[in-house]
Amino acid sequence: MTARRKLLIAGALVVAALAAAAYQGVRSAVVYYLTPAEFARRPDLHGARVRLAGAVQPGSVAKGDGRVQFTLADGTAAYRVEFAGPLPDLFAEGRGVLVEGRLVGGGVFQATQVISTHPTEYRERYPER
């Protein structure tokens with residue numbers, strides 16, 4: 001085997017290793033989430049760590065002792081969420097949130113993280129005069 005051929009093979013191996021590392025990095029950075037309805041149809045994921053996205057139901061927020069409870073829904077299914085920790089500034093009833101955690105006993109979703117989302121459409125804050 002010639003030196004040139006060995007160099008080409010070594011270069012190809014380095015490129016393949018870099019491509020594999022880049023693929024793994026992108027794959028681990030992708031964040032998947034389920035809606036409450038999708039999660040309800042996946043009992044195999046109950047108890048596993050997942051992310052759910054939905055809206056905070058109006059009138060469902062209860063705060064006390066450094067904890068907050070609220071209902072996360074998507075119009076089809078709903079889950080009671082419990083979270084201990086600071087809430088994001090944009091957290092409010094009727095707004096979209098992304099919660100990360102797992103379903104525990106009694107059908108309660110124990111969240112370890114709550115992330116507020118914002119609407120995808122712009123609404124003017126003040127009406128024209």
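Side-chain atoms of Lys63 and Leu87, non-hydrogen and from C-beta on, do get closer than 4.5 Å to each other.
Pairing each heavy atom of Ala77 with each of Ala40, the nearest pair is CB-CB, 4.3 Å. Nearest approach of Ser60 to Thr71, heavy atoms of both residues: OG-N, 3.1 Å. Here the closest heavy-atom approach between residue Gln57 and residue Glu93 is recorded as O-CG, 4.2 Å. Residues Leu72 and Gly54 come closest through the heavy atom pair CD1-C, 3.4 Å. Between Ala78 and Ala73, the closest heavy-atom pair is CB-CB, 3.8 Å. Val56 approaches Val61 most closely through the heavy-atom pair CG1-CG2, 3.6 Å.
Hydrophobic clustering places Phe109 together with Leu34 (ILVMFWY residues linked when any side-chain heavy atoms are closer than 4.5 Å, directly or through intermediates). The cluster map of Ile, Leu, Val, Met, Phe, Trp and Tyr, joined by side-chain heavy atoms under 4.5 Å apart, puts Phe39 and Tyr33 in different clusters. In the hydrophobic cluster analysis, where Ile, Leu, Val, Met, Phe, Trp and Tyr join through side-chain heavy atoms closer than 4.5 angstrom, Val97 is grouped apart from Ile115.
Among Phe83, Tyr79, Phe91, the single residue meeting the ring-ring contact (aromatic ring centres under 6.0 Å, His included) criterion with Phe70 is Phe91. The residue from Leu7, Leu8, Ile9 that alone fulfils the side-chain contact (heavy atoms from CB on, under 4.5 Å) condition with Arg5 is Ile9.
Counting only distance, with no hydrogens or angles, the side chain of Arg102 and the backbone of Thr112 share no donor-acceptor pair below 3.5 Å. A side-chain donor-acceptor contact under 3.5 Å links Asp74 to the backbone of Thr76. Side-chain atoms of Arg95 come within 3.5 Å of backbone atoms of Leu90 as a donor-acceptor pair (strictly under, hydrogens ignored).
Note that the CD atom of Glu38 and the CG atom of Leu45 stand 10.5 Å from one another [nearest 0.5 Å]. A distance of 5.0 Å separates CD in Glu82 from CD in Gln110, rounded to the nearest 0.5 Å.
The neighbour count for Asp44 CG, taken as heavy atoms of other residues, nucleotides or ligands under 6.0 Å away, is above 12.
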